Structure formats: C-alpha cells, structure tokens
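Following: one structure in structure tokens, then a few remarks.
What you are looking at is a predicted structure, and each value in this text was computed from that prediction instead of being measured.
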Amino acid sequence: MVVVGIAALAVGLFAGYMIRKSVGEKTIGSAEQRAQNILLDAENQADTIKKEITIEAKEEAHKMRTEAEKEVRDRRNEMNNLEKRFLAKEESIDRKLENLEKKEENLNNRDRRLSKKEKDFENTVAEKQKELDGFIEKQTRELERVSGMTSDEARELLLASVEKDVRHDASVMIKEIESKAKEEADKKAREIIVGAIQRCAADQVAESTVSVVNLPSDDMKGRIIGREGRNIRAIETATGVDLIIDDTPEAVILSCFDPVRREVARITLEKLIIDGRIHPARIEEMVSKAEREVNTTIKEAGEQATFEVGIHNLHPELVKLLGRLRYRTSYGQNVLQHSVEVSHLAGLMASELDLNIKLAKRAGLLHDIGKSIDHEVEGTHVDIGIDLLRKYKESEAVIDAMAAHHGDYEAKSPEAVLIAAADALSAARPGARRETLENYIQRLKKLEDIANTTPGVEKSYAIQAGREIRVIARPDEKSDQEIPLLAREISKKIESELQYPGQIKVNVIRETRAVDYAK
C-alpha cells in the first residue's frame with residue numbers, strides 16, 4: 001500500500017511538472033509574440049516621427065532661407081540708396097568747393113586792386129597834405145602880418161576867450177543840473193525821511209551825567225556821612241562814585257563818569273535810606289544787591305531793545321552791551337533809545353528803497369555798541385564797535401555798515417549810507433542833543449571863518465543856530481554865473497573842515513549897488 005501510494009505520488013508530481021512546463025512554454029511564446037509586435041509598432045511609429053521631423057526641418061530651413069534672402073535684398077537696396085545719397089552729397093560738395101575757389105580768386109583780385117588804389121590814395125594825400133601845409137604856412141604869415149600878432153599870442157587870446165565862454169556855459173549848466181537834481185532829490189528824500197519819521201515815534205529823554213537822590217530830611221545827610229565820614233567813604237569805595245553833599249536841601253548828588261556805577265550807587269543809596277540801617281557792612285550788602293539788580297535791568301533792557309526792533313539771534317554778550325547803553329548818554333541823548341530809533345529809521349528807509357531791511361535794522365541797532373565800554377577800552381567807539389562785532393561773529397556787511405556811520409570808513413553798501421543818514425536824523429531832531437554854549441559859539445565862529453576866507457566873499461553870517469550860513473559875495477570879483485561855483489566851493493570846505501550834526505545850507509548872495517550924491 002505504501003509502495004502504491006508512493007508510486008501514485010511520483011506519477012502525480014511528474015504529471016504536474018509536465019503540465020506546468022507546457023503552460024510556461026505557451027506563456028513564453030505568447031510574451032515573445034507580444035514583444036515582437038511592440039517592437040514592430042515602435043519601429044513604425046519612429047519612422048513616422050522621423051519623417052514628420054524631417055519635413056518640419058525642411059520647411060523651417062526653407063522659411064529661414066526665404067527670410068534671409070529678403071533681408072539681404074533689403075540691405076542691398078538700403079546700401080544702394082545710401083550710396084546714391086553719398087554720391088549726390090559728394091557732387092554738391094565738389095560744386096561748393098569749386099564756387100569757393102572762384103570766390104577766393106575774385107577776393108584776391110579785389111584785394112590787389114584795393115591795395116593798389118590805397119597806395120595811390122596815400123600818395124595823393126601826402127601830396128595834398130604837403131600843399132595844404134604850405135598854404136597854411138603862407139596864410140599864417142599873412143595873418144600875422146595883417147594882425148600884428150604872432151600865432152602864439154593869437155592862440156592865447158583865443159584860448160582865453162574860449163575859456164571864458166566855457167566857464168560861463170559850465171556855470172549855467174551846473175546851475176541847471178543842480179536845480180533839477182536838487183528838486184528831484186529833495187522831493188524824494190523828503191518823502192522817504194518824512195515817512196520814516198512819521199512812522200517812528202521814539203521818545204527823547206534828556207539825561208545828565210549826575211544823579212540826584214532825594215532825601216526824606218536833611219538829618220539823613222549826617223547818617224549817610226557817618227561817624228568821621230566812614231559811611232560815605234564805604235559807599236564811595238564800594239561803588240566808585242563820588243557823593244556830593246552840599247547845601248542843596250534834601251538831596252545828595254552822585255557824580256561818576258561810568259553811568260552803570262552811578263546807577264548802582266543810586267539804587268544802593270535809595271535802599272539804604274528806605275532800610276534806615278546805614279553802616280559799612282550793610283552798605284556792602286546793598287551794593288551787592290544793587291549790582292545784581294542793575295545787571296538784570298541791563299539784560300532786560302537789551303532784550304527789550306532787540307524785541308522792539310525785531311532783531312533776534314544776537315550774541316548774549318552783545319545783548320548785555322546793548323543794555324549798558326541804557327545808562328549811557330551822548331550830548332544828553334540816551335544812547336540805547338538813540339540806537340533803537342536809528343534802527344527803526346534805517347529799516348523804514350530801506351523798505352522804501354527796496355534794500356535789505358534786516359541788515360539795515362541790525363546795523364542801526366549796533367552802530368553805537370562801542371560806546372558801552374568806551375570808558376574801559378582805548379580807541380574811538382567806532383573802532384571798539386568793530387572789534388566787538390568781529391569778536392561775537394557778526395557778518396562783515398553789518399560791520400561795514402556800522403563802521404561807516406560817522407564817515408571814518410568808506411561806505412561799501414547802500415545800507416551803510418542809510419545808517420549814517422538815520423544817525424544824523426536822530427541826532428538832528430530838535431531837543432535830541434545839547435551842546436555847551438562855548439562849543440556852540442566856537443562852531444558858529446568856525447563856520448563864518450571858513451566862508452570869510454574864501455576868495456570873492458565880502459562877509460558872512462551864521463544864522464538859524466548854525467544850520468544856515470548867509471554869504472555876501474563881492475560883485476566886482478564874482479559874476480552871477482560864478483555864484484553856484486562859489487556856493488559849491490564853500491560847502492566843500494565846510495564838509496572837510498567842520499564837524500556838525502545834520503546839514504548846513506550855504507546861501508550865497510550877490511547884488512550890485514549904484515551910489516551917487518546930489519550936491
């Protein structure tokens with residue numbers, strides 16, 4: 001049984017092997033057939049694609065060849081057109097060169113003809129000039145024989161006659177020009193100045209060089225003097241001011257050349273009088289407080305001045321120096337108020353003339369800045385002011401305008417001329433300045449002396465407080481036509497030899513009188 005089972009198993013295994021082999025061979029054959037079919041299809045498809053690509057490449061090549069041929073034809077046509085234009089221009093240039101050569105030849109021929117004519121003309125002129133010189137010499141000898149004078153004498157006589165006529169014509173012309181110019185200039189200047197003065201209403205305060213402190217009673221004088229004069233000595237030592245205690249009832253006079261120190265002493269003395277405790281220690285304390293108060297007042301005065309005229313970004317030290325001018329006077333005129341007025345006037349006139357208003361107002365405000373320390377530094381207030389403005393980095397335009405306001409330096413800008421005019425206007429206002437009787441008399445005498453020493457003047461009179469001089473001319477020495485020249489000569493001498501505020505009118509009078517006596 002076992003043997004039979006094994007045999008059956010072996011037969012089954014063999015049969016299965018044979019069946020699987022048969023099936024595998026059939027499957028392999030089918031796969032090979034399919035593979036061959038796929039290869040055949042791929043080859044057919046590749047041939048088709050190759051043919052299509054070949055056709056497209058031929059078409060693209062044909063298209064590119066056609067476009068290239070068209071571009072070549074276009075370029076060839078363009079080159080032909082350029083060649084034609086170039087040939088045409090070349091022919092035109094050749095024709096122009098030919099014409100130029102002909103013109104040059106014609107010009108050369110004309111130049112040769114002109115040179116020949118010029119040479120002939122020069123020869124002719126030389127011959128005519130020679131003949132003319134001989135004729136003139138002959139006529140001159142004949143004229144000298146007839147007139148009985150030499151040519152030099154006749155020339156001098158002629159020149160004298162011409163000079164007289166020319167001087168007469170010049171005098172008439174000068175008079176006409178001066179009259180017309182003065183009429184127009186006076187009218188315009190009057191409009192500008194009157195307008196500026198009307199728009200500027202600055203107050204004028206007459207201040208002296210001494211300060212007066214009123215006392216509640218004469219008993220206070222003894223307390224101010226103190227035992228053996230120790231209080232008055234302490235005050236004078238601490239402030240540098242002289243106290244004058246005289247017979248003036250209920251008053252003490254403070255005298256000092258420095259207005260700031262005088263103001264410190266005035267405030268100190270007033271505080272001591274109110275406080276009632278007057279002794280050296282208290283005096284030193286009050287002086288210290290007064291100095292701080294005056295410094296604050298100085299700063300506020302400077303700031304107020306800059307605010308009033310609209311000038312900003314000034315150096316703080318310049319503002320303080322401006323404030324010091326509040327205690328400075330010139331001919332009785334407060335210098336700070338004068339500076340503010342000059343600034344306003346200069347700005348108003350600059351606006352009328354379309355000039356730099358800010359420059360004019362700034363230079364006008366700072367024009368007397370040197371007077372704030374002129375008692376501490378040597379030199380004129382103009383030179384001191386120049387140094388101060390350069391020290392505090394002011395512009396050269398402001399410095400030049402400030403420096404020229406008294407004529408010490410040349411005015412380099414129209415604004416500088418306005419500063420000088422505004423300064424003269426402020427100083428010439430009635431009541432603005434005072435001068436001593438002695439200086440006043442000397443100025444008038446000097447004015448008359450200048451006029452009297454001028455040739456052709458008989459006598460002169462200074463009138464209207466020295467604002468006008470009336471000159472009587474000698475009628476036998478000066479004619480009516482020479483009067484304008486005489487007036488100009490006197491005015492120039494006054495400008496160069498005399499210092500004066502404002503302007504002086506020179507009025508020259510000539511008259512002829514006939515005197516006879518009935519006997």
Side-chain angles (χ1 to χ4, degrees), residues 1-115 310-315 350-351 354-359 362 392-398 413-415:
M1 289 295 291
V2 173
V3 173
V4 172
I6 294 171
L9 179 63
V11 170
L13 291 172
F14 179 79
Y17 169 77
M18 291 301 292
I19 292 170
R20 285 194 300 274
K21 182 177 178 184
S22 176
V23 172
E25 289 177 353
K26 289 180 180 180
T27 301
I28 291 170
S30 177
E32 289 178 352
Q33 183 65 38
R34 286 197 302 272
Q36 289 179 357
N37 292 335
I38 290 171
L39 289 173
L40 289 174
D41 292 339
E43 289 177 357
N44 292 332
Q45 191 174 7
D47 291 339
T48 303
I49 293 172
K50 183 178 179 181
K51 290 179 181 179
E52 291 177 354
I53 292 173
T54 302
I55 292 171
E56 289 179 358
K58 287 181 180 180
E59 290 178 354
E60 184 69 22
H62 178 71
K63 182 178 179 181
M64 292 177 64
R65 186 182 300 107
T66 303
E67 292 178 354
E69 289 176 353
K70 182 180 179 182
E71 184 176 358
V72 169
R73 285 196 302 272
D74 293 340
R75 292 287 181 88
R76 187 178 292 110
N77 293 333
E78 184 178 356
M79 291 296 294
N80 291 332
N81 292 332
L82 289 174
E83 185 177 2
K84 289 179 181 179
R85 289 199 297 271
F86 178 76
L87 292 174
K89 288 184 178 181
E90 187 176 4
E91 291 176 357
S92 175
I93 292 172
D94 291 339
R95 287 194 299 271
K96 289 181 179 179
L97 288 174
E98 185 177 357
N99 292 332
L100 288 175
E101 290 176 355
K102 291 181 179 179
K103 290 182 179 179
E104 184 178 5
E105 184 177 359
N106 293 333
L107 288 174
N108 291 332
N109 294 332
R110 185 180 300 175
D111 189 24
R112 286 192 293 270
R113 290 195 299 272
L114 289 175
S115 299
I311 299 299
H312 307 291
N313 65 355
L314 276 179
H315 195 282
S351 67
D354 292 332
L355 299 177
N356 191 330
I357 300 174
K358 291 185 178 179
L359 172 60
R362 194 181 190 94
Y392 296 116
K393 310 301 182 184
E394 282 293 322
S395 65
E396 286 298 322
V398 174
S413 64
E415 290 79 7

So, using salt bridge (charged side-chain N to carboxylate O under 4.0 Å, His left out) as the criterion, who are the partners of R113 when residues are at least two apart?
none
Of all heavy-atom pairs between A350 and N356, which one has the smallest distance, and what is that distance?
CB-O, 4.2 Å
Using the rule given for salt bridge (charged side-chain N to carboxylate O under 4.0 Å, His left out), can you reason through E59 versus K63, listing the C-alpha separation, both sets of side-chain angles and the distance that settles it, and then say yes or no?
CA-CA 6 Å; E59 290 178 354; K63 182 178 179 181; over 6 Å; no
For residues 80-99, run the donor-acceptor check on the side chains, cut-off 3.5 Å, and write out each pair with its distance to 0.1 Å, sequence neighbours left out.
from : atom 1 : to  : atom 2 : distance (Å)
N80  : ND2    : R76 : O      : 3.0
N81  : ND2    : N77 : O      : 3.3
N99  : ND2    : R95 : O      : 3.3

Can you list the residues that meet the side chain to side chain contact (heavy atoms under 4.5 Å, CB included) rule with L314, with sequence neighbours excluded?
T306, I311, L318, V319, L322, R362, L365, L366, E394
Is there a side-chain contact between E105 and K102, using heavy atoms and a 4.5 Å cut-off?
no
Going by the rule side chain to side chain contact (heavy atoms under 4.5 Å, CB included), which residues pair with L100 if we only count those two or more places apart in sequence or in a different chain?
none
In this structure, are over 12 heavy atoms from other groups packed under 6.0 Å from Q45 atom CD?
no
Nearest-0.5 Å distance that lies between atom CD1 in I38 and atom CD in Q33
11.0 Å
E415 side, atom CD; L355 side, atom CG - distance, nearest 0.5 Å
5.0 Å
Which residues satisfy the side chain to side chain donor-acceptor pair (under 3.5 Å) test with D47, sequence neighbours excluded?
none
Distance col, row L39:CG vs Q36:CD, nearest 0.5 angstrom, shows 7.5 Å
Rounded distance (nearest 0.5 Å) linking atom CD of E52 with atom CD of E56:
7.0 Å
In Å, rounded to the nearest 0.5 Å, how long is the span from NE2 of H62 to OG1 of T66?
4.0 Å
Partners of E69 by salt bridge (charged side-chain N to carboxylate O under 4.0 Å, His left out), sequence neighbours excluded?
none
Kindly compute the distance separating OG (S413) from CG (L359), expressed to the nearest 0.5 Å.
6.0 Å
Sequence neighbours excluded, which residues qualify as side chain to side chain contact (heavy atoms under 4.5 Å, CB included) partners of S115?
D111
According to side chain to side chain contact (heavy atoms under 4.5 Å, CB included), who are the partners of H312, at least two apart in sequence or on a separate chain?
none
